[in-house]
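The chains referred to below are lettered A, B, ... by the order of the sequence lines, with proteins before strands, and numbering in each begins at 1. Just so we're clear, the structure is a prediction, and the values are computed from it rather than from any experiment.
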There are 2 protein chains.
Amino acid sequence: MYERKTPLTIDCGLHLTREVLSGKWKPALLNAISMDIKRPSEMLRLLPGATRRVLNVQLRELEGHGLVEKKTYPQLPPKVEYSLTEVGWSLMPVIDAMNQWGDANRSHLETVITQDPKINETSKSACKIYRQMAADRKIG
Amino acid sequence: MYERKTPLTIDCGLHLTREVLSGKWKPALLNAISMDIKRPSEMLRLLPGATRRVLNVQLRELEGHGLVEKKTYPQLPPKVEYSLTEVGWSLMPVIDAMNQWGDANRSHLETVITQDPKINETSKSACKIYRQMAADRKIG
DNA sequence: CAGAATCCACCAGGATACTG
DNA sequence: CAGTATCCTGGTGGATTCTG
């Protein structure tokens, strides 16, 4: 049984974290950047289903919230690199925890999510795509 | 500097976790239930801004995803109690991590969030409300 | 006290096309 | 390669009202 270490307030910390982390691709983006995937085109490739526009929007929000930094190289063709700020890095354990929990409970989650009538097919099969991609990377 | 322990896939675990945790009040609800706040009326009181309907909807989703269990006592007035499932409990470290990160970076987050033009006043002041409530609880 | 039924506003996010 | 401008729609979550 899980035992909480410190008694906490109702929602305040959660509220702040959610405010900053809410956005379909934000956790994935932070994760990607932490894995040295720092250029927009790379992220775009690794996040099938995400649009340029949406990625830009969310990256700008992350930047505005002080989680990532953007470096623009004034050259042709343009080059942009994102990196995590100190605050951004401090969030990584949380991201990792989410990632690991999702992986650890994959079978259960896939079942309940797949049964969920609200989830559309795209979302349902998203994980399969990611897994396939991971497999491809191993082969390649 | 934060060092990742295990190299991870791009998004799969994150994807699953987000699917299950997305919803304005879900983390707070899980947190509340873990703190033995298990009756709808209590949650309603502790989550100012949340509606009965929305709470019901999100609780039903959490239930459908196997994170919480609902026990209905067939009596008058009706009594309902929620509790975490095993899977739900396994998620608590993640919730705690989010909560603690938000608390730890409160000043920074409040600043950037308050400056964010997209955030409405309600959201901006939410944390103040929670803090006030926490203070009140200490006094009471 | 718990909850279902409506109705609705808003915005996140996707599609598309265009510029430097 | 990177970014922006429009346009559009689906869903989330809020307000209100009504039942057991």
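Shown here are the side chain to side chain contact (heavy atoms under 4.5 Å, CB included) partners of A:V80, two or more places apart in sequence or in another chain: A:P40, A:K70, A:T72, A:Y82.
The shortest heavy-atom contact between B:N99 and A:L14 is OD1-N, 3.4 Å. A:E42 and A:D36 make their closest contact through OE1-O, 4.5 Å (heavy atoms, listed as atom of the first residue, atom of the second, distance).
In this entry the distance linking NZ of B:K24 with P of D:dG13 reads 7 Å, nearest Å. Taking atom OH of B:Y82 as the reference point, atom C1' of C:dC1 lies 12 Å away to the nearest angstrom. The nearest whole Å value for the distance from the CG atom in A:L62 to the C1' atom in C:dG13 is 15 Å. The distance between atom CD of A:E81 and atom P of D:dA2, rounded to the nearest whole Å, is 10 Å. Atom CZ of B:R45 is separated from atom C1' of C:dC1 by 11 Å (rounded to the nearest Å). Nucleotide D:dC1 holds its P atom 10 Å from the CG atom of A:L44, rounded to whole Å. Between the CZ atom of B:R18 and the P atom of D:dG11 there is a distance of 15 Å, given to the nearest Å. Rounded to an integer number of Å, the gap from CD of B:Q75 to P of C:dG3 is 13 Å.
When atom types are taken as modelled, the side chain of A:Q58 and the backbone of A:K26 share a donor-acceptor pair closer than 3.5 angstrom. The closest donor-acceptor contact from the side chain of B:E69 to the backbone of B:S83 lies at 3.5 Å or more, if one exists at all.
Residue B:V80 is classed as a sugar-phosphate contact, given heavy-atom separations below 4.0 Å to backbone atoms only.
Residue-to-nucleotide proximity on DNA chain C shows that, of B:S41 and A:P77, the 5′-proximal contact is made by B:S41. Place B:E42 and A:P78 on DNA chain C by their nearest nucleotides, and B:E42 ends up nearer the 5' end.
For A:Q58, counting side-chain heavy atoms from C-beta on, the closest listed nucleotide (C:dA15, C:dG13, D:dA2) is C:dG13.
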| said: Set out, in order, the CA-CA distance, both residues' side-chain angles and the distance that settles side-chain contact (heavy atoms from CB on, under 4.5 Å) for A:S22 and B:K24, then state yes or no. | reply: CA-CA 9 Å; A:S22 69; B:K24 188 165 178 181; over 6 Å; no
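End-to-end axis angle of the helix from C:dC1-D:dG20 to C:dG20-D:dC1, using five pairs per end and rounding to 10°, comes to 40°.
Two different hydrophobic clusters hold A:M43 and A:V57 under the rule that ILVMFWY side chains link at heavy-atom gaps under 4.5 Å.
Between the side chains of A:W101 and B:S90, at least one donor N or O sits under 3.5 Å from an acceptor N or O.
The phosphate of C:dA2 has OP1 or OP2 within less than 4.0 Å of a side-chain N or O from B:R39.
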So which protein nitrogen or oxygen atoms get under 3.5 Å of nucleotides 4-10 of chain C's nitrogens or oxygens?
unit_1	atom_1	unit_2	atom_2	d
C:dA4	OP2	B:R60	NH2	2.8

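Rounding to the nearest 0.5 Å gives a distance of 8.5 Å between CG of B:N31 and CE of B:M98.
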